[in-house]
Amino acid sequence: MSDATISLPMPRIPGARRRLQDNPVVGHKRVLLAAPRGYCAGVDRAVVAVEKALDLYGAPVYVRKQIVHNVHVVSELEQQGAVFVDEVDEVPPGAHVVFSAHGVSPAVVNAASERGLLAIDATCPLVTKVHREAVRFARDDREILLIGHAGHEEVEGTAGEAPDHVTLVNGPDDVDSIVVKDPDRVVWLSQTTLSVDETMETVRRLRERFPNLQDPPSDDICYATQNRQVAIKKVAEQAELVIVVGSANSSNSVRLVEVALEYGAKAAYRVDYASEIKQEWLDGVSSVGVTSGASVPEVLVQEVLDDLAGAGYRDVQEVKTAEEDLMFSLPKELRKDITGKQDARALGGRGR
């Protein structure tokens, strides 16, 4: 882990207006900037998948649900020609549809096929891993206790892989009411974007009730969620105020606010844009922690840093707890069509 003072470019988003004023406080004003933060490999893959689909096939390209949980990203893609729908029956027959990074159930896949849709599966590979675990454990006739939030797309997709074998556990307080058929044939899985600490507490309580509870073969909570939580824990130890950039329906962003408060921040708030930061949050505050959820583009963080600089928080110190270099290949449907387009261009060139 390291704390390093860095100089960052701070471009403003066109049309954004400065809201914050430079209030005097006791002590030196600084920003503690968490790293890692922002886009993870799965989000980057999903967003690029929509952009590539628009480039290959032209607008409109339909997307079931939000491709990732960020209002800015969705708005930007809409401007490029993406059309977001709740269900595949809203997509014209024969059109291209992208499944979001959160994954879908087999029922959704079948509904798209029956409608003749050209589906592009942008499910994060780490979510796909959990789907495969659910299928395998169901095949072994094990009861699956799925730790996650009711109504979240990822949970619905995973549960849909084995609906007769899955029981949802919303958190530690749900444990006492769980009923299973055979306590010796129970396994737990989890949504990938949960609080690591809360999930482990849920597992601890489950194991108290079911001593033979089986663990998944590897962690289900994704590397990016864990890394961002570790970084904000370090920041929260030193920050009076923490600002998390992320949308309200982003599970991992909401968890970052909770973790910051749990690990020492006096106050923590989530914002989509810098313009949502309230002046009173900064009253008497000398150290501000900043991070962002895994579906947040860096430009939104830079806007926050720029506005904070205008309020006197010009010393930006990066608090780095991990390096991330993971990349995922594009969905196979896109790779096939991109290769075909390149081959066609090559053949056309030879014919001139």
Side-chain angles (χ1 to χ4, degrees), residues 39-70 73-74 76-136 153-154 156-158 160-162 192 218 222-224 294-295 297 324-352:
Y39 267 16
C40 64
V43 164
D44 186 61
R45 173 182 185 264
V47 174
V48 172
V50 177
E51 293 172 339
K52 289 292 185 183
L54 287 165
D55 180 54
L56 279 170
Y57 315 123
V61 166
Y62 294 84
V63 184
R64 182 186 180 274
K65 307 294 186 180
Q66 293 187 355
I67 186 66
V68 296
H69 286 161
N70 185 265
V73 171
V74 169
E76 290 282 300
L77 291 174
E78 283 178 330
Q79 292 176 38
Q80 296 175 45
V83 176
F84 292 87
V85 298
D86 285 330
E87 296 299 343
V88 294
D89 61 8
E90 301 172 52
V91 181
H96 287 90
V97 62
V98 181
F99 296 147
S100 79
H102 311 105
V104 297
S105 69
V108 173
V109 175
N110 293 336
S113 177
E114 291 172 359
R115 198 166 176 77
L117 304 182
L118 303 172
I120 299 163
D121 188 0
T123 302
C124 173
L126 300 180
V127 174
T128 299
K129 176 185 79 73
V130 182
H131 282 217
R132 290 172 178 164
E133 290 170 351
V135 171
R136 179 166 66 84
E153 290 101 303
E154 183 184 330
E156 292 177 347
T158 301
E161 294 284 0
T192 63
S218 60
C222 85
Y223 77 97
S295 54
E324 292 181 350
D325 57 8
L326 183 64
M327 296 179 64
F328 294 131
S329 60
L330 286 171
K332 62 181 185 296
E333 302 89 356
L334 285 174
R335 296 200 306 271
K336 176 177 176 289
D337 287 348
I338 289 171
T339 300
K341 187 174 183 179
Q342 291 170 341
D343 290 345
R345 286 174 176 170
L347 288 171
R350 293 191 192 104
R352 292 193 184 95

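Counting begins at 1 with the first residue of the sequence. Atom set for the values below is all heavy atoms of this structure, side chains included, hydrogens, waters and symmetry mates excluded. What you see is a predicted model; the values in this text were computed from it and never measured.
Under a 3.5 Å cut-off, the side chain of Thr158 and the backbone N or O of Glu154 do form a donor-acceptor pair. Side chain of Glu90 to main chain of Asp86: a donor-acceptor pair is present (N/O by atom type, distance under 3.5 Å, no hydrogens or angles).
Atom CG of Asn110 sits about 15.0 Å away from atom CZ of Arg115, to the nearest 0.5 Å. With values rounded to the nearest 0.5 angstrom, Arg136 atom CZ is found 15.0 Å from His131 atom NE2. Taking CG of Leu334 as the start and CD1 of Ile120 as the end, the distance is 4.5 Å to the nearest 0.5 Å. To the nearest 0.5 Å, the span separating SG on Cys222 from NZ on Lys129 amounts to 10.0 Å. Atom OG of residue Ser329 and atom CZ of residue Arg45 lie 6.0 Å apart, to the nearest 0.5 angstrom. Taken from CD in Glu153 to CZ in Arg64, the straight-line distance is 7.5 Å, to the nearest 0.5 Å.
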Discussion item. I'd like to know whether Ser100 forms a side chain to side chain donor-acceptor pair (under 3.5 Å) with Gln66, so could you lay out the CA-CA distance, the side-chain angles of the two residues, the decisive distance to 0.1 Å, and finally the verdict.
Written reply: CA-CA 6 Å; Ser100 79; Gln66 293 187 355; over 6 Å; no

Worksheet item: Should Val135 and Arg132 be marked as a side-chain contact (heavy atoms from CB on, under 4.5 Å) after you check the CA-CA gap, both sets of side-chain angles, and the distance that decides it?
Response: CA-CA 5 Å; Val135 171; Arg132 290 172 178 164; 5.6 Å; no

Worksheet item: Given Tyr39 and Val68, is the side-chain contact (heavy atoms from CB on, under 4.5 Å) satisfied, shown in steps?
Response: CA-CA 10 Å; Tyr39 267 16; Val68 296; 5.7 Å; no

Item to complete: Report the C-alpha separation of Val130 and Leu126 in whole Å, then their side-chain angles, then the decisive distance to 0.1 Å, and conclude whether the side-chain contact (heavy atoms from CB on, under 4.5 Å) test is met.
Response: CA-CA 7 Å; Val130 182; Leu126 300 180; over 6 Å; no

Worksheet item: side-chain contact (heavy atoms from CB on, under 4.5 Å) between Val63 and Val83: does it pass, once the steps are laid out?
Response: CA-CA 6 Å; Val63 184; Val83 176; over 6 Å; no

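Inter-residue side-chain proximity for Val97 and Leu118 is flagged as unmet; no heavy-atom pair is nearer than 4.5 Å. Between Tyr62 and Leu117, every side-chain heavy-atom pair lies at or beyond the 4.5 Å cut-off. With a 4.5 Å cut-off on side-chain heavy atoms, Phe99 and Val88 count as touching. In this structure the side chain of Leu77 reaches within 4.5 angstrom of the side chain of Gln80, judged on heavy atoms. You'll find the side chain of Val73 reaches within 4.5 Å of the side chain of Pro297, heavy atoms only. The closest side-chain heavy-atom distance from Thr123 to His102 is not below 4.5 Å.
The two residues Val91 and Ala95 make their nearest non-hydrogen contact at CG1-CB, 3.8 Å. Minimum heavy-atom separation, Val98 to Ala122: CG1-CB, 3.8 Å. Listed here is the closest heavy atom pair of Ala162 and Ala134: CB-O, 4.1 Å. Contact record, Pro106 with Gly160: CD-O, 3.4 Å, taken as the closest heavy-atom pair. For Ile338 against Lys52, the heavy-atom pair with the smallest separation is CD1-CD, 4.4 Å.
The side-chain hydrogen bond (donor to acceptor under 3.5 Å, both in side chains) search around Ser105 returns none, not counting sequence neighbours. Every residue meeting the ring-ring contact (aromatic ring centres under 6.0 Å, His included) condition with His96, not counting sequence neighbours, appears here in chain and number order: Tyr57.
Heavy atoms from other residues, nucleotides or ligands lying under 6.0 Å from NZ of Lys65 number more than 12. Other residues, nucleotides and ligands contribute more than 12 heavy atoms inside 6.0 Å of the CZ atom of Arg335.
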